[in-house]
Amino acid sequence: MGMLSNKIDKQELKPGDHIYCWRQAFIYAHHRIYAGDRKVIHFTQGPVGQENGSVILSSSLPAPQFSDVPCPQCGDHYSSFNNGVILSCIDCFLSGGELNLFEYGVSRAYFLADVRGGTCTLATSDPQGDVLHRANILLENGFGDYDVFKNNCEDFAIYCKTGLLVITPSSTRGGQAASFEAASGLIFSSLALLTYKFKGVAAVSSGVYYCYSRLNSDIGVRSDAAKVAVERLVPPPPARAPFSYGVLLVLVSSSTEKQESEDIMGLMSNMIDRQELKPGDHIYCWRQPFIYAHHGIYVGDRKVIHFTQGPAGSSFLPCPKISDVPCPQCGDHNSSFNKGVIISCIDCFLSGGKLNLFEYGVSRAYFLAKVRGGTCTLATSDPPGDVLHRANILLENGFGDYDVFKNNCEDFAIYCKTGLLVIIPSTRGGQSGQAASFEAASGWIFSSLALVTYKFKGVAAVGSGVYYCYSRLNSDIGVRSDVAKVPVESLVPPPPPPPAPVSYGTSIDQGIAYVLMLVALFNQLRDCIRQIHHPARAMWIYLVAEILIVVFGVGKLLKMEVRVMSRKLIKPSVPTPNHLKTLKLSCIDQLAPSAFGSFIFYYPSNGNLTISEKEARLEKLEKSLSETLTCFYPLAGRYIEDRDSIDCNDEGAEYLNARVDGQLARFLEQNCDQAVDQQLNCLIPFENEALEFSQMVLAVQVNMFDCGGLAIGVCLSHKVADGFVIFSFMQGWAIACKVGLEEVVCPSFDMGILFSAREIDKFSIPVLEDNWTKLITKRFIFNGDAISKLKAKVMASRGSAAKRHPSRVEVVTAFIWKARMRVAQAKHGHSRPSLLTLAYNFRGKTSLRMPENAFGNVFKLILAKYKPTDTKFEFPDFVGLIGNAISKTTAECSKTENPDDLFSSAINSMREIHDSLAKMETDICVFTSVCRFPYYEIDFGWGKPTWVSSVHKPSDIVLMMDTKCGTGIEAWATFEEQEMLLFQQDQDIMSYTSKL
């Protein structure tokens with residue numbers, strides 16, 4: 001039976017895996033979803049098996065052994081004593097059998113070669129999170145009645161993995177059931193042919209019939225299978241009493257108790273928990289007694305933007321309770337005291353009602369099944385970024401006059417979600433489903449009464465129902481022909497005429513020159529402040545200068561608004577093969593910090609681009625990223641911390657498309673200010689590189705400025721990549737975009753084999769999580785001339801006998817290190833020991849057989865120590881300390897022939913750092929460098945970047961990068977606020993750098 005199964009070891013299991021175990025004699029298999037922690041969720045008929053009426057079928061299937069004593073781990077009785085969807089341990093599931101993995105996304109040839117059904121499918125699996133979500137929901141709510149052929153354990157597992165269900169109830173679903181059905185047809189058809197001595201025909205035709213039946217029954221090719229949300233399988237809460245739709249309106253209108261009406265209206269709403277809300281969701285709340293609903297757009301942070309008529313609106317629509325005392329959270333009076341488009345907290349919006357989610361993109365059948373309008377639409381929703389943009393624009397500018405039938409709260413919410421408006425208002429009412437329901441119901445009532453008058457009661461019942469359904473469907477925004485996509489900017493009223501000319505002059509250039517003059521003056525003021533040697537006095541004057549800048553409006557000039565228009569997952573263009581689904585990390589990766597490495601690449605538009613040209617660039621970037629992920633496939637997977645591996649499941653890299661108000665050139669001119677340094681983080685997917693660390697490996701944010709310029713922000717998990725890997729990925733992506741994937745050099749993924757993972761203490765560079773907002777990032781530029789002067793000072797101190805010239809990185813690192821020790825002395829009042837760490841890339845510097853394009857972290861930390869008891873140290877001495885440490889590490893690496901020796905050296909450096917941190921007596925200065933990595937050569941097809949920047953870091957660190965010309969160094973320093981102020985005032989720093 002080896003060809004009928006896919007054995008797997010328990011250690012290889014991942015949460016969300018579909019597993020199965022053959023029962024005795026291999027007559028059938030039992031299927032489950034692995035939920036992690038050695039637990040499985042599965043669907044079972046229990047030991048009796050007669051509940052579904054299939055006594056003969058149940059008794060013919062051999063079951064595992066049962067025990068009257070519950071399992072001590074999970075309380076089950078060897079997996080099948082209970083009935084329905086249950087949770088048990090993996091040992092109870094196996095019941096002594098062998099573990100197998102069900103395969104998804106196989107080819108047709110592979111599917112047919114696997115003769116026995118119930119082992120694989122052509123359908124593709126959904127992400128791990130979706131699988132576990134469905135399994136846990138069904139664990140609480142069940143999966144219907146067990147049926148061997150139509151609703152069995154395999155059907156349950158396949159639905160959890162794919163979300164697909166057969167919507168034709170009479171059909172068989174599972175692979176095992178399809179095999180049994182095909183085999184039975186094969187036997188009877190073969191016997192019929194053998195009766196007439198057509199043995200050759202019998203052999204061929206029976207084989208063809210078996211293969212065709214199995215393939216045609218697979219969930220991946222069936223035409224009667226559809227994606228069904230798991231929430232739709234949850235049974236509705238029981239109603240208090242039976243009712244019919246014929247008396248529903250009477251029940252609603254005569255109800256005086258709100259709870260009774262809620263039970264009746266359960267079929268007309270889509271209740272949702274607040275924790276499930278996402279910004280951009282269209283929500284609504286039924287008003288008492290469910291005559292109408294109030295709609296709004298959830299914008300996050302427990303706030304809702306909605307369109308209201310206020311308390312003095314329509315006299316026949318009941319309003320919620322209104323309070324004279326404003327809400328302490330939002331200042332509203334329970335959502336209806338104000339008029340127009342307003343923002344209020346979600347409590348005021350609900351006014352004590354239940355929260356419901358409006359649905360988009362539903363089918364016509366589902367739409368008509370929702371008898372009450374105003375709960376769903378056939379129209380599809382735009383991305384959340386577009387929805388929030390429209391809602392915020394209308395919050396500032398309004399949505400016209402409120403009209404119950406032609407321009408109400410539902411019309412507002414639907415427009416925000418879709419951008420669609422009725423462009424011929426005289427033909428019908430607005431796009432509101434509620435208004436359409438009222439209109440259809442009134443026509444239904446009068447037409448029914450007319451027919452009943454003439455005693456055509458049967459015709460009245462049918463005709464009125466048809467009329468109601470047709471009217472509602474024909475009025476939906478998703479099918480109407482009199483609607484159009486209308487930009488929200490066209491709804492904004494024109495600005496008032498400009499004021500009379502002022503004495504400053506009417507020229508716009510004069511106004512800009514005036515503001516820029518203020519900027520220059522206040523920047524000069526701050527430069528003067530840096531020369532004040534009294535820290536407390538300098539800090540107070542510095543703060544006063546910052547306040548003056550804001551008062552004069554310079555802060556508004558530097559303000560930049562970034563709007564995320566869409567967020568999606570980009571998968572590799574070619575699925576990752578099964579044998580590459582798991583990438584074991586190296587022991588060097590285990591030492592890397594749990595943070596993201598982030599860089600931003602800025603590309604000018606090089607001319608005025610049309611809208612179509614801008615969209616073409618964005619489409620090309622997205623397509624080439626998908627192609628690049630075929631070579632860099634681990635970046636589309638998920639980091640599994642407890643296994644020290646990457647699950648290369650092709651779940652996808654996060655991809656954000658954003659719009660930036662303003663011109664790229666203006667933004668680059670203004671990057672000298674601290675406010676801009678902080679705003680750089682708005683251009684990357686994760687604003688805080690450390691605190692938002694997750695299983696995601698790669699995230700990209702493509703920011704397009706009004707001019708067509710681009711800023712591409714990339715965040716790559718440091719757990720799997722260092723600066724070289726970030727460069728390799730960006731270079732590969734650029735080549736794929738400009739030339740094609742065939743020119744991309746794929747990295748080597750063998751680091752996990754050469755440096756295998758092991759049980760070690762978790763060391764990483766410390767992250768100051770609690771003080772993240774108190775850290776300041778500044779950029780200090782050492783140009784080529786300044787570096788040459790520093791090198792000359794070093795060589796002059798060494799004399800003519802010196803052979804080795806220090807590198808740019810060595811002199812800049814030593815220069816900053818010495819300045820930081822002076823800052824520490826001013827802060828603490830005495831000299832302190834200092835330990836410098838510098839990341840060292842050992843690719844190509846060892847005798848180990850390791851490719852230079854190795855994927856992963858290939859670095860160790862170089863340590864240089866300074867003790868106050870040493871003789872007086874000058875700048876050249878610090879350069880010597882660093883140079884000696886680098887030379888020593890290079891010599892050790894070149895002689896290393898055993899990976900264990902290199903790893904021991906790396907982990908010993910980590911231990912020394914953490915021991916020094918524990919003593920709190922030594923200052924740790926962390927440096928890293930990506931100099932000499934040609935970041936400025938990354939060309940996507942529209943030129944090289946005009947700038948490559950880092951971002952604000954969540955930890956005390958100095959990152960060194962090349963300047964664009966290649967001769968200088970940009971030092972991105974992140975220190976605590978007080979230390980940064982002292983560092984900026986250092987005389988040597990001011991003499992050799994330009995602070996930006």
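Along the sequence shown, residues carry numbers from 1.
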Got F729 and V714 here, is their nearest side-chain heavy-atom distance under 4.5 Å? yes
Could R38 and D91 be called an ion pair, given the rule that one side-chain N must be under 4.0 Å from one carboxylate O? yes
Can a donor-acceptor pair be found, under 3.5 Å and without considering hydrogens, that links the side chain of S626 to the backbone of K571? yes
Could you tell me whether a side-chain N or O of H718 sits under 3.5 Å from a main-chain N or O of A721, the two making a donor and an acceptor? yes
Nearest heavy-atom contact between T630 and S573 is OG1-OG, 3.0 Å
Would the number of heavy atoms belonging to other residues, nucleotides or ligands and lying under 6.0 Å from CD of E742 be above 12? yes
Measure from the side-chain N and O atoms of Q590 to the backbone N and O of R758, and report whether any donor-acceptor pair falls under 3.5 Å. yes
Can a donor-acceptor pair be found, under 3.5 Å and without considering hydrogens, that links the side chain of N6 to the backbone of L101? yes
Test salt bridge (charged side-chain N to carboxylate O under 4.0 Å, His left out) applied to D750 and R849, step by step: CA-CA 11 Å; D750 295 332; R849 303 183 65 178; over 6 Å; no
How far does CG of D900 sit from CD1 of I907, to the nearest 0.5 angstrom? 11.5 Å
Looking only at atom types and distance, does a side-chain atom of R843 sit under 3.5 Å from a main-chain N or O of A854, one as donor and one as acceptor? yes
Give the minimum heavy-atom separation between Y655 and L625, together with the two atoms involved. CD1-CD2, 3.5 Å
If you look at every heavy atom in D650 and P572, which pair is closest and at what distance? OD1-CG, 3.4 Å
Residue pair N857, L591: steps toward the side-chain contact (heavy atoms from CB on, under 4.5 Å) verdict: CA-CA 9 Å; N857 290 285; L591 300 177; over 6 Å; no
Measuring only between side-chain heavy atoms, which start at C-beta, is T124 closer than 4.5 Å to T162? no
Test side-chain contact (heavy atoms from CB on, under 4.5 Å) applied to T119 and W22, step by step: CA-CA 10 Å; T119 61; W22 290 105; 3.9 Å; yes
First locate atom CZ of F102, then atom SG of C120, and finally report the distance between them rounded to the nearest 0.5 Å. 6.5 Å
Taking K719 for the side chain and A592 for the main chain, is one N or O donor matched with an acceptor at less than 3.5 Å? yes
Does Y146 reach the side chain of N152, with side-chain heavy atoms less than 4.5 Å apart? yes
Check V131 against S125 and note the closest heavy-atom contact, atom names and distance. CG2-OG, 4.3 Å
Which atom names give the shortest non-hydrogen contact between P747 and F855, and what distance separates them? CB-CB, 4.1 Å
Nearest-0.5 Å distance that lies between atom CD1 in I726 and atom CZ in F933: 9.5 Å
Tell me whether N151 contacts the main-chain N or O of F143 through its side chain, where contact means a donor paired with an acceptor under 3.5 Å. yes
Parallel, tilted or perpendicular: which fits the ring planes of Y935 and F727, with parallel below 30° and perpendicular above 60°? perpendicular
Look at the side chain of K161 and the backbone N and O of D17, then say whether any donor-acceptor pair between them is shorter than 3.5 Å. no
Do the ring centers of F749 and Y633 come within less than 6.0 Å of each other? yes
How long is the gap from NE2 on H30 to SG on C153, to the nearest 0.5 Å? 5.0 Å
Does NZ in K623 sit with more than 12 non-hydrogen atoms of other residues, nucleotides or ligands closer than 6.0 Å? no
CD1-CD1 distance between I41 and I137, expressed to the nearest 0.5 angstrom: 10.5 Å
Is any side-chain heavy atom of D147 closer than 4.5 Å to a side-chain heavy atom of D145? no
Do L94 and L99 make a side-chain contact, defined as non-hydrogen atoms from C-beta onward lying under 4.5 Å apart? yes
Polar contact flag, side-chain donor to acceptor under 3.5 angstrom, D589-S586: yes
Using modelled atom types and a 3.5 Å cut-off, is there a donor and acceptor pairing between side-chain atoms of D722 and backbone atoms of V858? yes
Is a donor on one side and an acceptor on the other found under 3.5 Å between the side chain of S624 and the backbone of L621? yes
Do E103 and Y110 have side chains that get closer than 4.5 Å, going by heavy atoms? yes
Looking at R108, I'd like to know if its CZ atom is crowded, meaning that more than 12 non-hydrogen atoms belonging to other residues, nucleotides or ligands lie closer than 6.0 Å. no
Considering all heavy atoms of both residues, which atom of F156 and which atom of L138 are nearest to each other, and what is their separation? CE1-CD1, 3.7 Å
Quick one: are V720 and P634 in side-chain contact, heavy atoms under 4.5 Å? no
Please report the C-alpha distance between D126 and R134 in whole Å, then the side-chain angles of each, then the deciding distance to 0.1 Å, and finally whether the side-chain contact (heavy atoms from CB on, under 4.5 Å) criterion is met. CA-CA 11 Å; D126 287 340; R134 295 187 188 110; 2.6 Å; yes
Below 30° counts as parallel, above 60° as perpendicular, anything between as tilted: where do the rings of Y20 and H18 land? perpendicular
Stepwise side-chain contact (heavy atoms from CB on, under 4.5 Å) check, D155 with F43: CA-CA 9 Å; D155 297 325; F43 186 35; over 6 Å; no
Please report the interatomic distance NZ(K39) to OH(Y34), rounded to the nearest 0.5 Å. 9.0 Å
State, with a plain yes or no, whether a side-chain heavy atom of H42 is found less than 4.5 Å away from one of S88. yes
Count the heavy atoms belonging to other residues, nucleotides or ligands that lie under 6.0 Å from NZ of K227, then report whether that count exceeds 12. yes
